[in-house]
2 protein chains.
Amino acid sequence: MLDQQRVDQVFHALGDANRRSMLERLSRGPASVSQLAEPMSLTLAAVVQHLQVLEQSGIIRTEKVGRVRTCSLAPQGLRLAERWINERMNLWERRLDRLGDLLAEDTQSEPQPKKHERKKP
Amino acid sequence: MLDQQRVDQVFHALGDANRRSMLERLSRGPASVSQLAEPMSLTLAAVVQHLQVLEQSGIIRTEKVGRVRTCSLAPQGLRLAERWINERMNLWERRLDRLGDLLAEDTQSEPQPKKHERKKP
DNA sequence: CTGTTGGTCAAGCATGGACTTAAGTATAGG
DNA sequence: CCTATACTTAAGTCCATGCTTGACCAACAG
């Protein structure tokens with residue numbers, strides 16, 4: 001649970017639409033900083049700042065060769081987010097299943113409706 | 001592609017550690033507002049504000065009965081985020097596969113890499 | 001009724017984050 | 001060497017967001 005820090009960074013990074021749009025571009029292949037900047041209505045400097053956030057969170061990886069920095073996706077960063085989400089959903093759905101089972105058992109002895117329904121007072 | 005708005009809301013909502021911690025709590029079962037607030041070092045009002053963000057993004061669902069509002073996870077919200085992530089990762093990994101195939105073909109005929117590669121000075 | 005609990009609303013503050021401009025560095029090309 | 005390219009860094013602006021306080025309201029207990 002020490003990667004809570006990382007999870008935090010990753011989700012924070014994903015929380016920005018511009019950064020996500022850069023990620024969409026990168027998911028179709030590596031790109032240089034200025035290639036990434038071109039379709040955006042942002043300064044190059046701003047793009048660089050976003051890239052720093054993305055790299056620090058581990059979502060992308062960059063390498064500078066000559067004077068051009070090439071960025072590419074590092075799926076293990078995204079996988080962290082995916083795992084977090086899956087864990088929450090699994091927990092929740094398993095809970096629903098167990099609950100369903102209990103209700104099913106009850107209906108054998110008591111004349112209750114099958115699903116989880118509430119009455120209005 | 002009109003749910004870009006929704007995707008934005010969901011990721012923004014997930015971008016906050018306090019909100020995620022509430023989601024962790026909720027993934028183990030529904031809870032009232034004050035139950036959610038209790039383990040956090042936040043005012044009740046602040047918690048309520050976070051809950052509004054979470055509900056508007058579709059990640060949770062809340063229902064008020066009497067004077068207590070009960071919150072529960074709505075997995076379809078999280079599923080939206082999961083899908084976005086999966087799509088990016090799939091695209092990227094498929095690309096890597098195709099690239100691997102190309103390289104494999106090339107190594108049969110030519111011992112040189114095809115594309116623009118530079119040496120480090 | 002009164003008091004308490006559980007939650008809501010409305011300002012307001014204060015910090016952080018996104019962006020910009022501007023100046024600087026290093027590399028490629030002629 | 002000179003210039004253009006491809007970033008990089010620093011500094012400052014500005015707005016969104018997170019949080020607090022304080023007043024308020026509705027439901028239930030006694």
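This structure is a prediction, so every number in the text was calculated from the model and none was measured. Letters go in sequence order (proteins before strands), and every chain restarts at 1.
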Checklist entry - Does the pair B:Glu24/B:Arg20 count as a salt bridge with the N-to-O cut at 4.0 Å? => result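 Here B:Glu24 does not pair with B:Arg20 in a salt bridge, since their nearest N and O are not under 4.0 Å apart.
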Next on the checklist: Any carboxylate oxygen within less than 4.0 angstrom of a Lys/Arg side-chain nitrogen, looking at B:Glu93 and A:Arg79?
Outcome noted: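 So B:Glu93 pairs with A:Arg79 through a salt bridge.
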Checklist entry - Do any side-chain nitrogens or oxygens of A:His50 fall under 4.0 Å of OP1 or OP2 in C:dC19? => result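 A:His50 to C:dC19 OP1/OP2: side-chain N or O found under 4.0 Å.
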Item to check | Phosphate-side-chain proximity, A:Lys64 and D:dT8, N/O vs OP1/OP2 below 4.0 Å | outcome: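 Yes, such a contact exists.
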When the distance from [atom1] of [X] to [atom2] of [N] is rounded to whole Å, what number comes out?
X: B:Met22; N: D:dC19; atom1: CE; atom2: P; answer: 8 Å
X: B:Asn18; N: D:dT17; atom1: CG; atom2: C1'; answer: 12 Å
X: A:Arg69; N: C:dT27; atom1: CZ; atom2: P; answer: 12 Å
X: A:Leu36; N: D:dT8; atom1: CG; atom2: P; answer: 12 Å
X: B:Asp8; N: C:dA18; atom1: CG; atom2: C1'; answer: 14 Å
X: B:Leu51; N: C:dG6; atom1: CG; atom2: P; answer: 16 Å
X: A:His12; N: D:dA16; atom1: NE2; atom2: P; answer: 16 Å
X: B:Gln9; N: D:dA16; atom1: CD; atom2: P; answer: 16 Å

Item to check | Sub-4.5 Å side-chain heavy-atom contact between A:His12 and B:Asp16 | outcome: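 A:His12 vs B:Asp16: side chains apart.
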Next on the checklist: Tell me whether B:Arg61 contacts the main-chain N or O of B:Ser72 through its side chain, where contact means a donor paired with an acceptor under 3.5 Å.
Outcome noted: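 Flag not set: sc B:Arg61 to bb B:Ser72 has no pair under 3.5 Å.
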Next on the checklist: Counting the atoms with a prime plus P, OP1 and OP2 as sugar-phosphate, which does A:Ser34 contact under 4.0 Å by heavy atoms, base, sugar-phosphate, or nothing?
Outcome noted: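 Sugar-phosphate: the residue A:Ser34, judged by heavy atoms under 4.0 Å, touches backbone atoms but no base.
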Quick one: which of [options] gets closest to the side chain of [X]?
X: B:Gln52; options: D:dT17, D:dC19, C:dC9; answer: C:dC9
X: A:Gln49; options: C:dC19, C:dA22, D:dG18; answer: C:dC19
X: B:Leu44; options: D:dT8, C:dT8, C:dT20; answer: C:dT8

Next on the checklist: If you assign A:Ala46 and B:Val68 each to the DNA chain C nucleotide with the nearest heavy atom, which residue ends up on the more 5' nucleotide?
Outcome noted: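 So the residue in question is B:Val68.
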Item to check | Upstream residue (5' side of DNA chain C) when B:Ser32 and A:Thr43 are each assigned their closest nucleotide | outcome: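 This one resolves to B:Ser32.
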Checklist entry - Less than 3.5 Å between a donor and an acceptor, one on the side chain of B:Arg67 and one on the base of D:dA27, is that the case here? => result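 Yes.
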Checklist entry - How far apart are the closest heavy atoms of A:Ala31 and A:Arg25, and which atoms are they? => result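 Looking at all heavy atoms of both residues, the shortest contact is CB-NH2, 3.6 Å.
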